[in-house]
Student: 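Okay, handing you the structure first.
Numbered from 1 within each chain, the chains take letters A, B, ... in sequence-line order.
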Amino acid sequence: MTAAPAPVPLPRELALRLLASMLLIRRFEERCAALYGEQKIRGFLHLYIGEEAVAAGVMPALAAEDAVVATYREHGHALLRGMSPESVMAEMFGKREGCCRGRGGSMHLFDAATRFYGGNAIVGGGLPLAVGLALADRMQGRERVTACFFGEGAVAEGAFHESMNLAALWRLPVLFCCENNLYAMGTALARSESQTDLCAKAASYGVPTLRVDGMDVAAVHQAAVTARQAVLESGAPLFAEFQTYRFRAHSMFDPELYRDKAEVEQWKQRGPIHNFTARLKAQGWLSEEEFLELDRQAGERVEAASAAAEAGEWEPAADLLKDVYTPREPA
Amino acid sequence: MTAAPAPVPLPRELALRLLASMLLIRRFEERCAALYGEQKIRGFLHLYIGEEAVAAGVMPALAAEDAVVATYREHGHALLRGMSPESVMAEMFGKREGCCRGRGGSMHLFDAATRFYGGNAIVGGGLPLAVGLALADRMQGRERVTACFFGEGAVAEGAFHESMNLAALWRLPVLFCCENNLYAMGTALARSESQTDLCAKAASYGVPTLRVDGMDVAAVHQAAVTARQAVLESGAPLFAEFQTYRFRAHSMFDPELYRDKAEVEQWKQRGPIHNFTARLKAQGWLSEEEFLELDRQAGERVEAASAAAEAGEWEPAADLLKDVYTPREPA
Amino acid sequence: MTASSYREALRQAHREALARDPRVFLMGEDVGKYGGTYAVSKGLLEEFGPQRIRDTPLSELAFVGAGIGAALGGMRPIVEVMTVNFSLLALDPIVNTAAALRHMSGGQFHVPLVIRMATGAGRQLAAQHSHSLEGWYAHIPGIKVLAPATVEDARGMLWPALQDPDPVLMFEHALLYNLEQELPAGAGEVDIRRARIRRPGRDVTLVGYGGTLEKSLEAARILAQQGIEAEVIDLRVLRPLDDATLLESVRRTRRAVVVDEGWRSGSLAAEIMARIMEQAFYDLDAPVARVCSEEVPIPYAKHLEEAALPQPAKIVAAVQNLWGNR
Amino acid sequence: MTASSYREALRQAHREALARDPRVFLMGEDVGKYGGTYAVSKGLLEEFGPQRIRDTPLSELAFVGAGIGAALGGMRPIVEVMTVNFSLLALDPIVNTAAALRHMSGGQFHVPLVIRMATGAGRQLAAQHSHSLEGWYAHIPGIKVLAPATVEDARGMLWPALQDPDPVLMFEHALLYNLEQELPAGAGEVDIRRARIRRPGRDVTLVGYGGTLEKSLEAARILAQQGIEAEVIDLRVLRPLDDATLLESVRRTRRAVVVDEGWRSGSLAAEIMARIMEQAFYDLDAPVARVCSEEVPIPYAKHLEEAALPQPAKIVAAVQNLWGNR
Ligand SMILES: Cc1ncc(C[n+]2csc(CCOP(=O)(O)OP(=O)(O)O)c2C)c(N)n1
Ligand SMILES: Cc1ncc(C[n+]2csc(CCOP(=O)(O)OP(=O)(O)O)c2C)c(N)n1
Ligand SMILES: [Mg+2]
Ligand SMILES: [Mg+2]
């Protein structure tokens, strides 16, 4: 017996925008997976498929002047922060049109224009960075928030502990966004944390918490709006746990020995796009044609990006040493 | 108006032994301070004066087969674990009769015979070591406890977080003994932790806690007996916070700009030797002569150690490279 | 002789060690349920159980430190730090405890611990996942550093490393796991004290190790076609270095090129050059040269990554230069 | 000219920087209320307040990482890591973020951050408090490494380091803080790109830096009495190395000894020797020698510590050997 889906507590236009956002990520990453098969994209590729509601809900809650710090699983965050699919895709191809001119690849997307500070391939590596960005805002009297995304696996790292304490001690405006997808590579949360209630940990730094259904983009968005406001008002950090799930393997090398297919299937029933679409349809805000049109637009956007990346150029190997140091006038 | 001192809830013989232990540490370290002035002892010297009740109460609660891990402020722990004052003092002189043949000095006392694993000058450095020692006991089916001492300053380090979680996750028999003397060098607890209730932190790993008056050697001892038993029975870690205070500077270089003389004086009123002596006298277990005799014995013990150290020899400089690697048969 | 991959050889070595000594256990991130990031430990959890194949949380500092403690407590731990890149988080226990403990304690304690990690670039994993920092570790007194470059060494270094009373670090170049070579049926323990001449030659000595051995051998094949016979030395042991094998060769060939994936400045290659300078200066017909990584965080794009790393063509050019140099 | 200590010179440099640029702030363990472990920042908290003189918890990883973030956010942080020994806990943010960020981001971001730390042995602080690991840092592309060895450099390196758009690490040898030297009244900014000849000489080049400069000068004085005129070079900048000054000198004197408190194997001294080998081999009359620390965790006892470290007598002997060697 299925209860009728809860109505979406957002304006229709916004709701449709969130859906479109999730579709963009989904289509973009499906394309990436295919391009990986074609060896156009190499290195590590960590897909966000299944978790789209988190980035899709949080990003529109942030202001343009806010800063964002993410992980190696950050295509979605980069796209929704406003980076063009072309620049992201070209980066994954290793082309000079890429946001980092091919230096970074999938795990290291950066964008100065949107204050997107990466793209960090060290688990927990972004946390102290976010604390410092918030410190700079505080010291310069800027009313801003730094949103820091990280997986639940990072919670075991010393970097988490030190960063939470520092942010709380100095009351810095960091919005800690923990994407709890239950696994760190093959390690389930219960096999990495003695205390699996992550919010209980945050409380031990005196940091207020929110636990959010990360499969429900509307819930994520509302929580993110609330959270950002709370950080701005208190000037102090907040820890938000988004409970979510990745539908794909950890990376393209992962044989997924550590979890049951049935578990994955169960979570897929709660798929963020699937369910949100159903709710919008149920309340008459979306027809099947409209859905297909949104999906087509996302696909088109991705195709354009991938064609542009394909047509892009290689950075000359002679420029290898560029950007190790900032150029200065000769001595 | 002072209330009558609470009677000491221990057998008389044990109580007198605890007092003698504290006196030994006190006299030993006062002598060290003097010897530092005479330049017989060099390097860093961190005195435990004021905190004696903690080591004095915990050590006799441990079994001979238990392991002990300490910090750079570990003279008291070393002595009460059963190392001879001679070998400790000679080590501080840098003599070959020292426990580490002059390699370690004040911050690196070690003793294989009593399973005393140092002596660690990296704040938080002993914590993962203790987890590993307990793991070895667990894997080899030995019913033992590893007692790990560290200051409240170490709680901010990532090493604390990672070690607490690992010990709790794997249910390892570690007795975490936090010596909360309120300062880490010049940094007061409230200026280093957003959450100053340290037991609240331990709870976030699901680790049971005890908060103990670290100025009361009887309370410390009773708590330590209870705590060790709990660790043995549960096979899992326990976090004990001993609230104490150091009467002296952090090290011999510290000008103590960061705390009021009045605060120090106030804590001295609660001096562990002073108060425990008063209680023993009040209940008729100790006369002034007996006290003086105990004190004299401690002083004698220390004088003998310092004379022996003075008479000791220097390790030949030709043996400098000894003990970098374990000698093996020639290839 | 049967063909084996480097990965399988490592797995066999683990299996043997675990079976032979109950004190041996393996711990690290994803060594168990996931089957090992590089699949080295695949199947071991099923075979030896969760007590001896221990998945750790993401806590490099604590589980390396716990490995040290477990070694002190009588175990023989193998700690896998997924890659050298993450070992930066565990340098404190390695340098300040594992390496120093024996000396600090006046010889009372020693740390029979093996730490394994993948190292090196070449898979387009970009700046944070492509370090070659084994040269750093080779700087530290109190530890030993191994770099198996062949399937035989992958098979045979683990057991003697576990027998060593002191901490031994093993660096496995990530590109080697798929390497297939012949292995004698009863292959086991190898010597872990000496470098090995992998190809004899009279005209020049190429010094490589780990990921640069194959590249050096490839360069030697190309040089042979040009009439230059290069001797190729595989260092195998990065600390303590086997000066004798190295110098005997260089004194004979009178010329050398060191090939090292570390960044040029402060590379292990510099140390090899310094030792040759100190001990064989008057035997040299030309300055010793080196082919190292360019001084840049390793970039993602394939052509840029290739340009950043030592390659056979660069080695060949460096050798040719030894004659045209003056 | 007025006499100043190295410590006071550093303090003045901080005071100047804090006064001159509101984006500059200092953070680290005990830099404020305690007055700085080496009293460098004594009085600055009172003068500039707790916003700009920030005591941090014992969290080396987080506050170094936060320094990087603050630099990205438009500040000009000076992060004091009490000593190089504790910087092992912060290597990940330094190597994987500060050094790599500009390159990884394709030049979009840069990190104008200064990290200062005390280094070196000589105060009987034993194995865990006596490291000289600046050579390690000099291996990392993306950062710059300074080693002020004089009061003038202590006074003058901070401001240009803060003007540098990229991360700059400053290593202050712990024995130098009490050093007193004359300083011109208006002393300020110095060049942070070049090595300096601290004593001219024609017979041999001694290469030192930081804590080994004074020892090299002392050796030169002893050698002068024996009729050997040593030129003494102070490297000053450990990355990028100033090859020009070094090689000009060595080509002239045709002999060199490198003096480095790092452990011998894999020391910065090896890199200097490699560069001389590569660029001035045919100008040498003898192999370049080095005087480094013995390969042992630094022991506590005074006579053992002295035996472990470079000393003027060892430098003198190494120089004398350059003639008797063949
Ligand atoms: C310090 C560090 N250790 C190990 C790794 C290898 N690694 C990459 S992702 C990952 C799992 C992280 O899990 P989580 O934080 O939950 O993020 P998720 O991948 O689930 O999004 C691991 C172990 C790393 N990149 N950095
Ligand atoms: C990792 C590290 N950082 C800094 C230091 C310098 N230091 C030595 S003791 C100390 C204070 C430690 O305070 P706490 O843990 O409370 O122990 P206490 O000295 O009060 O006994 C500091 C900062 C160090 N030894 N190790
Ligand atoms: Mg996860
Ligand atoms: Mg304290």
Student: Side chain from CB out, backbone as N, CA, C, O: work out which of these in D/Phe25 comes under 4.5 Å of a heavy atom of chain A, or both, or neither.
Tutor: side chain

Student: Considering only heavy atoms, which portion of D/Ile140 lies under 4.5 Å from any heavy atom of chain A: side chain, backbone, both, or neither?
Tutor: backbone

Student: May I ask you to establish whether A/Arg138 and A/Trp170 are in a cation-pi arrangement, using a distance under 6.0 Å from NZ or CZ to the six-membered ring centre and at most 45° from the ring axis?
Tutor: no

Student: Is the ring centre of A/Tyr117 less than 6.0 Å from the ring centre of D/Phe109?
Tutor: yes

Student: Would you kindly say whether D/Glu134 and D/Tyr209 are connected by a side-chain donor-acceptor distance under 3.5 Å?
Tutor: yes

Student: May I ask you to name which of A/Leu172, A/Leu321, A/Val131, A/Leu166 has the most heavy-atom pairs under 4.5 Å with chain D?
Tutor: A/Leu166

Student: Checking heavy atoms, do the side chain of A/Arg142, its backbone, both or neither come under 4.5 Å from chain D?
Tutor: side chain

Student: May I ask you to name which of A/Pro128, A/Gly105, A/Gly104 has the most heavy-atom pairs under 4.5 Å with chain D?
Tutor: A/Pro128

Student: Hey, do the aromatic rings of A/His77 and A/Phe149 have their centres closer than 6.0 Å?
Tutor: yes

Student: For A/Phe160, which atoms come within 4.5 Å of any heavy atom of chain D: side chain, backbone, both, or neither?
Tutor: neither

Student: Quickly, which of D/Arg236, D/Arg194, D/Arg196 forms a salt bridge (Lys or Arg N to Asp or Glu O under 4.0 Å) with D/Asp153? Name it, please.
Tutor: D/Arg236

Student: Which one wins on heavy-atom pair count under 4.5 Å against chain A: D/Pro77, D/Ala100, D/Pro57?
Tutor: D/Pro57

Student: Is it true that A/Tyr205 and A/Phe239 have ring centroids separated by less than 6.0 Å?
Tutor: no

Student: Please state whether the side chain, the backbone, both or neither of A/Leu169 comes within less than 4.5 Å of a heavy atom of chain D.
Tutor: side chain

Student: Measuring heavy-atom distances to chain A, does D/Pro141 have an atom under 4.5 Å in its side chain, in its backbone, in both, or in neither?
Tutor: both

Student: Quick check on the interface: out of D/Arg54, D/Met104, D/Arg102, D/Met75, who has the most heavy-atom pairs with chain A under 4.5 Å?
Tutor: D/Arg102

Student: Classify the ring geometry of A/Phe176 against A/Phe150: parallel below 30°, tilted from 30° to 60°, perpendicular beyond 60°.
Tutor: perpendicular

Student: Check whether D/Ser105 gets within reach of chain A through its side chain, its backbone, both or neither, counting any heavy atom under 4.5 Å.
Tutor: both

Student: Please look at A/Asp111 and chain D and tell me whether the side chain, the backbone, both or neither of the residue comes under 4.5 angstrom of a heavy atom of that chain.
Tutor: both

Student: Given a strict heavy-atom distance threshold of 4.5 Å, which part of D/Ile143 is in contact with chain A: side chain, backbone, both, or neither?
Tutor: backbone

Student: May I have the step-by-step check of side-chain contact (heavy atoms from CB on, under 4.5 Å) for D/Val64 and D/Leu91, ending in yes or no?
Tutor: CA-CA 9 Å; D/Val64 169; D/Leu91 266 177; over 6 Å; no

Student: Should the pair D/Phe171 and D/Tyr137 be assigned to parallel (<30°), tilted (30 to 60°) or perpendicular (>60°) ring geometry?
Tutor: tilted

Student: In terms of heavy-atom pairs under 4.5 Å with chain D, which of A/Arg101, A/Met139, A/His108 leads?
Tutor: A/Met139

